[in-house]
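Right, one structure below, let's go through it.
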Amino acid sequence: MNFNFKNENQSLTKYTFLNYLKGDFFAWLTDDNNYLKAAQQYEDLKKLSYYRYKRLKNKNLNISEFELPTTIIDGNDVSDWSKKYYINKYQKDNFKIYDFSLEELGFDNLVKKTFEIMQKEKNFILFEGAFVYNGFKIRTDVIINKNGKFKLCEVKAITNCLEYHALDIMFQAKILQKNGYDIDNWILKLTILNNNFKLFQNKEDLQINELIEFNLLNLFQEHDRYFNSKPKDLKKAIEEGKGFLIREIFNHQDYFEIFNDFDNFLEKIKINQKKDKLPKKDHFEGRNFNYLDSEYFPFFLKYMGISDEKSIFLLGGDSWFNNKRKGNFFNIGIKNIDQIENLQLISNLSTQKLEENIKNFLKVKDFNILKNKNFINFLNKNNNSKKFKRIIQKNAILSNENFILNYKILNHLQIYKKVIYMYDFETVSQAIPRVKNMSTYEQVPYQYSIHIILDKDDFDFKSGKNIIHLEWLAKDNKDFYEDFWSNFTKDMQKYGPGSYVSYNKQFEKTIISNYINRVEYKKKDKFSFLLKIYEETLDMMEPFANYWYYSPDFLGSYSIKVVGPHFVPDISYKDLDIRVQKGDQSAKQAKIWLIQNNSYYDDNWLNVRNAMLKYCCYDTLLMVAIFQRLKEFIAQYNYDFELLISEINFATKNI
DNA sequence: ACTTGGGCGCTTAATGGCGG
DNA sequence: CCGCCATTAAGCGCCCAAGT
């Protein structure tokens with residue numbers, strides 16, 4: 001490899017710092033200059049983050065809203081409203097307002113301007129102040145000065161705070177300290193969204209933006225704590241003094257050295273970022289293995305020479321196979337799936353509760369357990385195949401064969417009635433809701449698709465025999481919520497009673513229950529049918545989530561996007577409109593449309609709408625296809641029910 | 001009378017799957 | 001980014017027996 005990168009004008013920001021905590025490789029690659037030059041050599045990198053490459057290649061390129069990730073759309077939205085929140089909150093104090101977010105002076109000039117305000121002014125609110133220390137540039141979301149006392153707030157479009165949020169704001173605090181500010185006497189707060197917020201419809205005639213403003217002081221909350229994971233009740237947890245003070249991150253054992261010897265650490269980062277090629281790597285490092293979730297992960301593996309075929313990183317679908325554990329396995333030399341053969345794949349606790357013969361059975365090595373009749377019968381009878389998913393997963397990969405519990409699947413398929421309604425909701429969630437009575441990040445349904453099988457014993461998804469497709473998509477962004485439900489209620493009864501089915505029913509059930517709870521003051525009987533759907537909905541995901549059918553192709557996943565193509569590889573995304581092809585694009589289109597409120601309703605929207613209609617039928621059609629294939633598959637077998645109900649007789653000679 | 005430690009069951013934390 | 005769900009790991013109080 002004789003390829004050298006010359007790095008000029010590197011950008012050192014708080015993200016450089018935060019990324020470096022995850023690992024030097026990751027930090028190096030997330031530098032724009034480094035990335036761009038590396039991408040010229042490694043084609044994979046271009047494909048992995050197409051928009052990033054496109055943006056960096058052509059700096060003058062105007063990225064349209066359609067190309068912005070939804071997190072950016074929400075981030076900008078929350079940023080805008082947080083300013084109104086602070087202006088509103090300190091209205092009575094008559095503070096001076098400085099907003100540098102739209103200034104085009106260049107960073108150095110902003111630093112000077114910020115410095116002047118910080119020195120001379122008293123009683124002000126400053127948005128997007130600029131500071132620099134030792135080459136590291138930061139922009140502070142909000143700085144408030146009240147009678148000489150400073151307060152720094154970091155605004156996040158989230159409803160809880162984790163360790164990396166604490167690191168984020170405390171890095172800024174450290175830079176301010178190095179600039180000579182006495183941060184020990186500053187108030188440091190994380191400003192987050194209040195998930196109890198509701199866009200109450202107090203006055204009928206208020207426009208949406210007026211309504212948000214009306215509820216504004218309840219939209220945000222400030223606090224100074226972070227948690228290892230999200231508490232069920234954040235408010236209660238804070239009141240009880242749970243969690244950790246963000247200030248204390250300086251004394252956290254993992255970060256103590258960094259913040260105590262800050263200058264030295266910054267130098268280490270600078271040296272790393274200036275390296276002329278990708279840092280060589282043969283093991284995973286960092287304080288955690290979170291960076292394994294990065295979009296660049298497939299590239300990491302390839303660069304480290306890790307083979308795709310039997311890598312332990314293929315194992316997923318189980319919190320036990322978390323990135324940290326897999327990374328640690330790799331570091332101690334367990335790199336391939338066959339090397340985990342001897343590891344205890346079931347927890348001690350689970351093993352203790354098993355019958356002795358099963359325990360012995362699982363100890364056997366070099367034994368094709370997935371084909372063993374006794375094991376299959378044991379799982380068919382005991383409904384606990386999910387407990388053995390690691391074993392199923394590992395052996396399926398090693399033998400490259402499917403694992404099937406016919407009896408379980410047959411039982412599941414027999415529950416379905418003659419007429420089957422396969423339904424799917426398309427929803428959009430926004431950090432700050434634009435639909436009346438909605439709360440932060442609440443999923444708003446704007447589109448549904450229903451495939452109806454008129455006779456479960458006589459249909460075909462390819463010819464369309466006995467298959468009906470119904471769909472609905474909001475026509476404009478005004479008050480579509482009620483229309484959605486009245487149309488859905490009507491369509492779900494159109495061909496009489498039947499089974500109601502969705503994939504991962506929990507999601508659809510939540511959407512329905514949100515609506516039912518919201519309108520309970522209205523006549524109950526009007527919603528009795530929705531309640532019936534809520535209670536009776538079957539889950540097409542069940543055979544896969546419970547490992548009754550497992551293919552090595554699944555790699556631990558049972559998402560419809562993995563299971564669908566396994567059964568019907570001939571249905572593909574190829575025919576779909578380019579505008580809704582990529583991942584979550586459909587939801588993004590709707591989100592833009594909702595956020596823009598009334599301004600976006602034009603011809604462009606109508607084109608997008610047509611594309612969205614085309615896409616929506618895909619998932620429900622897949623459900624019909626999966627149902628049909630599963631039925632055909634099971635029909636091949638002759639069932640020996642005598643065997644299935646007989647005593648499990650373990651052949652001791654095999655143990 | 002007091003301390004210590006193992007075993008037990010219950011609760012809570014941590015992780016990652018699913019949908020969007 | 002959200003909520004919800006499942007599994008596993010860790011923490012806690014409790015009992016009881018053995019030791020000091």
Side-chain angles (χ1 to χ4, degrees), chain A residues 69-75 77-78 156-163 165 192-195 197 227-234 237 240 242-243 288-290 292-293 315-326 344-353 384-390 393 423-433 438-449 502-514 537 539-542 544-547 554-563 583-591 612 615-616 619-620 623:
Chain A
T70 45
T71 47
I72 303 284
I73 297 172
D74 269 334
D77 197 28
V78 168
K156 294 280 176 205
I158 47 165
T159 59
N160 69 304
C161 292
L162 303 173
E163 193 173 286
H165 297 117
I192 63 171
L193 291 167
N194 179 4
N195 64 352
F197 172 84
F227 296 84
N228 282 334
S229 67
K230 186 175 180 172
K232 275 173 189 162
D233 188 340
L234 182 70
E240 289 172 355
K242 287 182 178 172
N288 52 53
F289 293 90
N290 286 348
L292 300 187
D293 293 328
L315 294 170
D318 182 352
S319 57
W320 196 81
F321 286 127
N322 62 48
N323 284 333
K324 194 167 184 173
R325 187 174 262 118
K326 283 185 283 193
Q344 191 177 4
L345 288 177
I346 293 186
S347 77
N348 272 328
L349 216 74
S350 297
T351 318
Q352 278 166 21
K353 289 173 185 169
N384 54 3
S385 45
K386 209 174 176 178
K387 278 188 186 158
F388 300 92
K389 63 182 177 182
R390 288 174 213 149
Q393 217 179 321
Y423 72 98
D424 181 41
F425 295 159
E426 299 297 320
T427 66
V428 63
S429 84
Q430 290 166 271
I432 300 170
M438 292 279 166
S439 56
T440 49
Y441 284 112
E442 181 168 342
Q443 299 285 350
V444 187
Y446 62 88
Q447 181 177 19
Y448 64 74
S449 169
S502 59
Y503 204 94
N504 191 14
K505 67 179 178 184
Q506 191 52 54
F507 181 74
E508 270 74 15
K509 282 179 74 168
T510 306
I511 307 292
I512 294 173
S513 117
N514 283 348
T537 291
D539 203 336
M540 194 69 245
M541 187 172 87
E542 202 173 332
F544 310 103
N546 288 320
Y547 285 69
F554 293 174
L555 296 175
S557 169
Y558 38 87
S559 146
I560 192 166
K561 281 161 187 71
V562 172
V563 172
D584 206 20
Q585 291 286 302
S586 184
K588 201 159 86 182
Q589 309 287 356
K591 177 174 272 196
M612 285 161 76
Y615 171 81
C616 185
D619 279 354
T620 46
M623 283 162 68

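A note on names: the letters A, B, ... follow the listed sequences, proteins ahead of strands, and every chain is numbered from 1.
- If you take NZ of A:Lys230 and C1' of B:dT12, they are 17 Å apart, rounded to a whole angstrom.
- Put simply, A:Ser502 has no side-chain N or O that comes within less than 4.0 Å of OP1 or OP2 on B:dG19.
- If you check C:dC1, B:dG20, C:dT8 against the side chain of A:Ile158, the one that comes closest is C:dC1.
- For A:Glu426 against B:dG20, no side-chain N or O and base N or O form a donor-acceptor pair under 3.5 Å.
- With contacts defined as side-chain heavy-atom distances shorter than 4.5 Å, the pair A:Asp424/A:Tyr503 does not qualify.
- One interatomic measurement links the two molecules: CG of A:Asn514 to P of B:dG19, which rounds to 19 Å at whole-angstrom precision.
- Across the interface with DNA chain C, nearest-nucleotide mapping of A:Ala157 and A:Lys389 shows A:Ala157 to be the residue nearer the 5′ end.
- For A:Phe507, the side-chain atoms get nearest to B:dG20 when compared with the rest of B:dG20, C:dA9, C:dC1.
- In this structure, the side chains of A:Ile192 and A:Cys161 come closer than 4.5 Å at one or more pairs of heavy atoms.
- Between the two ends of the helix from B:dA1-C:dT20 to B:dG20-C:dC1, each summarised by a five-pair axis, the helix axis turns through 20° (rounded to 10 degrees).
- Residue A:Ile511 is classed as having no contact, given no heavy-atom separation below 4.0 Å to the nucleic acid.
- Look at A:Lys561 and you'll find a side-chain N or O under 4.0 angstrom from OP1 or OP2 of B:dG20.
- Phosphate proximity of B:dA14 to A:Ser229: present, with a side-chain N or O under 4.0 Å from OP1 or OP2.
- Between A:Trp320 and B:dA14 there is no side-chain polar atom (N or O) within less than 4.0 angstrom of OP1 or OP2.
- With sequence neighbours excluded, the residues that form a side-chain contact (heavy atoms from CB on, under 4.5 Å) with A:Ala157 are A:Val78, A:Tyr441.
- Atom CD in A:Glu508 sits about 7 Å away from atom C1' in B:dG19, given to the nearest Å.
- Nearest nucleotide to the A:Ser557 side chain, out of C:dT8, B:dC18, C:dC2: B:dC18.
- Note: CG (A:Asn160) to P (B:dA13) measures 14 Å, nearest angstrom.
- For the pair A:Lys324 NZ and B:dG16 C1', the computed distance is 15 Å after rounding to whole Å.
- Between A:Gly556 and A:Phe425, the residue anchored nearer the 5' end of DNA chain B, judged by the nucleotide with its closest heavy atom, is A:Gly556.
- Nearest-nucleotide assignment on DNA chain C puts the 5′-proximal partner with A:Tyr441, out of A:Asp318 and A:Tyr441.
- Contacts of A:Ala431 with the nucleic acid, taken as non-hydrogen atoms under 4.0 Å apart, are absent.
- Within the 4.0 Å cut-off from OP1 or OP2 of C:dC1, not a single side-chain nitrogen or oxygen of A:Thr159 is found.
- In the set C:dA9, B:dC18, C:dC4, C:dA9 carries the atom at the smallest distance from any side-chain atom of A:Arg325.
- Within the 4.0 angstrom heavy-atom criterion, only backbone atoms of the sugar-phosphate kind lie near A:Gln506; the bases stay farther away.
- Checking the phosphate oxygens (OP1, OP2) of B:dG19, no side-chain nitrogen or oxygen of A:Thr427 falls inside 4.0 Å.
- Judged by distance alone, with hydrogens and angles left aside, the side-chain atoms of A:Gln393 form a donor-acceptor pair with the main-chain N or O of A:Gly316 at under 3.5 Å.
- With C:dA6, B:dG20, B:dC18 as the candidates, the nucleotide lying closest to the side chain of A:Asn504 is B:dC18.
- Residue A:Asn228 places no side-chain N or O under 4.0 Å from the OP1 or OP2 atom of B:dA13.
- Using modelled atom types and a 3.5 Å distance limit, the side chains of A:Thr159 and A:Lys230 yield a donor-acceptor pair.
- A:Asn546 places none of its side-chain heavy atoms less than 4.5 Å from the side chain of A:Lys389.
- Across all strands, A:Phe321 comes closer than 4.0 Å to no nucleic acid atom at all (heavy-atom distances).
- Note: OH (A:Tyr448) to P (B:dG19) measures 22 Å, nearest angstrom.
- The closest side-chain heavy-atom distance from A:Glu442 to A:Asn514 is below 4.5 Å.
- Contact detail for A:Pro445 and A:Thr427: the closest heavy-atom pair is CA-CG2, 3.7 Å.
- The closest side-chain heavy-atom distance from A:Gln443 to A:Phe425 is not below 4.5 Å.
- Spacing between atom CG of A:Asn195 and atom P of C:dC1 amounts to 14 Å, rounded to whole angstrom units.
- Going from atom CD of A:Gln447 over to atom P of B:dG20 covers 11 Å, rounded to whole Å.
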